[in-house]
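In what follows, a structure is listed as structure tokens, so that the remarks can point back to it.
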Amino acid sequence: MASQPAYRASAENLHGALTSPGSAAEKAFLDKIATALKTQTNRTAGSAQRRAWRNSLTALTNDLMDVGLGQVEMIVEYPMPHQPKSQADVVLAGVDPYTGGDVFVVVELKQWQNIEFYENDEAQVIWDPRYGPKEHPALQVEGYRNQIRAFCEAVTQHPDAVSGLVYLHNMSKQEASKLIGLAGEKNIELFTFSDRGELQRFLKGRFGPNPGVHAADRLISSQINPRRELAEGGRLALKGRDGFILLDRQIEAYRAVFHAVDQAFKANSKRVVIISGGPGSGKSAIALELLAKLLGTGRRVRHATGSSAFTHTLRAQVAKGREQAKLFTFSMDYAQAPPNELDVLIVDEAHRARNKTRFRWDPTKNSDRPQIETMIEAARVPVFFLDENQAVAHGELGSISAIKSHAQNLAIPFQHVSLTGQWRCGGSPEYDLWVRRLLGLGDEEGAWDQDARPVPWSDDSGFTVRLARSPAEMEDYLRARLEEGWTARMTAGFCWEWHGPRPDRSLVPDVRIGDWERPWNVKSTSRVGDAPPKQLWATADGGFGQIGCIYTAQGLEFDWTGVLIGPDLVARNGRLTPERSGNLDPDLGLKSPRILSDEEFSRFVRNIYKVLLTRGLHGIVLYATDPATQELLGTLVPPLE
């Protein structure tokens, strides 16, 4: 089901609340929107945001009332399917005057008065010199319109029922003329205060006088179609088709890269772009879309990651043929690369970049230089995608500050875009916040938050979280989802020994909990019996029978996931605490050749479980081996039924 909007009412009722400035009705309306926004996005609405709602919505309701459309339903701060942190200002819902069917208009309201293009880029707009560039509002509306058309079942058979407009109600027509070209190209209407008559004629042609309440009901209660999987979107993008629908900050990030490429070539210089965001914020989708579009412009471009599983999955699932497979490389491949051998290097999972490069089989390729530095040198425009809460091993030094430092040392201009959207985990910002509180994680920098406390989970966001009574119950539940056609995998903390295959090529069931036992995923790059090689465990048939760890699950996603929380994360005094003696990872635990400090170990373990807990698209099942941890989770999460 779709997420709930912040507010909805007929234009007539909303107009009544807004035409009495300072009234109890107006305050109640603004408070309701602010409360809903805080719940859905964790953003606090200040006085400026409240003024914007009041001023912009008043302008729009006035126009609807002037042409007798008071019965049109106004859905305020409508959350996008799969990305509820991205919200359309208003979706108007009503009845088509010609067909009698449902009809909708996505409206972006701007109080802008003057604008300039950012360095002559018509896709990026500066509306206030105090702030950085924003995407052209027509691109914003285009994304919202396409997202609703693609995923809301109520309109997928009638995509033309959804259109979009930008209303610059404080701007003159002359000033807005700069924006009209791109708006027309995207088939988005654009109106100013000088065009009120034209806007009113458009609305009257779009909506009949009938009540829009039922159309709004159908849109809000619509089933949401599954979003396109990453591999499928990547395949389509490389074929020259639209692979992904980007929204808001995702568009800004995408445009920032193209702008950096254009400026670097015009000035015969280099630029660095950093794009940060949490799980499911669209980093990998943007990266694949950029790869395809930049290839289409003739640029020399490659995609790189520090994850063997992720890169091999992209080669197997996205690339078509050997030539396309060469597009997907590793961060270590650039240790000895000539300067600027590429126009653009897209580095996904950049938080996994190492402080040095070591090739096991060819020491001549080794380098003691940090991989961030060698990748910056290898391309005219290196683009780094990262989530600092996903650094999970000693020697992984990719961070925003490290990239900025290397860029500054080399006197290279850089730009940082922080993503705020949420695709994974049902698009639920509530779940992301719940996981952070569960693990005691703070902000994007990955700090421990000593004030964070676990809280009970609610399924209101549309993402399902359940607690299994045993690992066998978890497995049975996920297997049932697999048989229904969903994707599903089980993962665990690195808390059990991990042996290679037996002489008969069978896998050792190392993960033992009571009388239940299963093997880890295959250690090697070759299939073992029906089990796929490690790099394809997450996507190939036969992977469900094994347990994946952080090194095979990171960067990948499943419809449903199960997480076995081992004895390296235990409940003590009402919160989860990393326990060194419970971890057997040779890079982290007591057997590590370099004993980590307690603070380092704690940070890595929290980050590891943050990754494992955010691999699911629709739901997750938990089980903890430690009795106290299982008991604590039982107070927070509903049991499987």
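Quick note: numbers below take in every heavy atom, side chains included, and nothing from hydrogens, waters or symmetry partners. Sequence positions, counted from 1, serve as the residue numbers for this chain. Predicted model, so just to flag it, every value in this text is computed and none were measured.
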Donor-acceptor contact present, side-chain D195 to main-chain T192, <3.5 Å: yes

Distance-only donor-acceptor check, side chains Q113 and E175, under 3.5 Å: no

Side chain E108, main chain V90, donor-acceptor under 3.5 Å: no

Side-chain donor/acceptor of R271 to backbone N/O of F414, under 3.5 Å: no

Near-ring test F328/H303, centroid separation under 6.0 angstrom: yes

Ring-face cation contact, F265 with R380, 6.0 Å cut, 45° max: yes

Side-chain touch L295/L327, heavy atoms, less than 4.5 angstrom: yes

Test item: T487 side-chain N/O and D559 main-chain N/O as donor-acceptor pair under 3.5 Å: yes

Side-chain donor or acceptor of Q324 paired with backbone N/O of K320 under 3.5 Å: yes

Output field: ring centroids Y431/F463 closer than 6.0 Å: yes

R206 bridged to D96 by N-O distance under 4.0 Å: no

K178 side chain to I115 backbone, donor-acceptor under 3.5 Å: yes

N/O donor-acceptor pair under 3.5 Å between W560 side chain and G616 backbone: no

Check: W486 ring centre within less than 6.0 Å of H618 ring centre: yes

R218 bridged to D102 by N-O distance under 4.0 Å: yes

From CA spacing to verdict: side-chain contact (heavy atoms from CB on, under 4.5 Å), H136, Q124: CA-CA 6 Å; H136 191 298; Q124 299 190 84; over 6 Å; no

Separation between CD1 of I412 and CD1 of I403, rounded to the nearest 0.5 Å: 12.0 Å

Atom CD of Q174 with >12 non-hydrogen neighbours under 6.0 angstrom: no

Donor-acceptor pair, side chain of S222 and main chain of E153, under 3.5 angstrom: yes

Derivation and outcome, side-chain contact (heavy atoms from CB on, under 4.5 Å), residues V105 and V91: CA-CA 6 Å; V105 177; V91 175; over 6 Å; no

Side-chain (R235) to main-chain (A319) donor-acceptor, under 3.5 angstrom: no

Full working for salt bridge (charged side-chain N to carboxylate O under 4.0 Å, His left out) between D31 and R50: CA-CA 9 Å; D31 285 347; R50 288 171 175 261; 2.9 Å; yes

Flag, side chain of T614 to backbone of V611, donor-acceptor distance under 3.5 Å: yes

Sub-4.5 Å side-chain heavy-atom contact between S276 and F385: no

Side-chain heavy-atom pair D343, V381 within 4.5 angstrom cut-off: no

Intermediate values then yes/no, side-chain contact (heavy atoms from CB on, under 4.5 Å), L179 and F117: CA-CA 9 Å; L179 301 171; F117 291 136; 4.1 Å; yes

Contact check, side chains of R8 and V76, non-hydrogen atoms, under 4.5 Å: no

Residues, nucleotides or ligands: over 12 heavy atoms within 6.0 Å of N120 CG: no

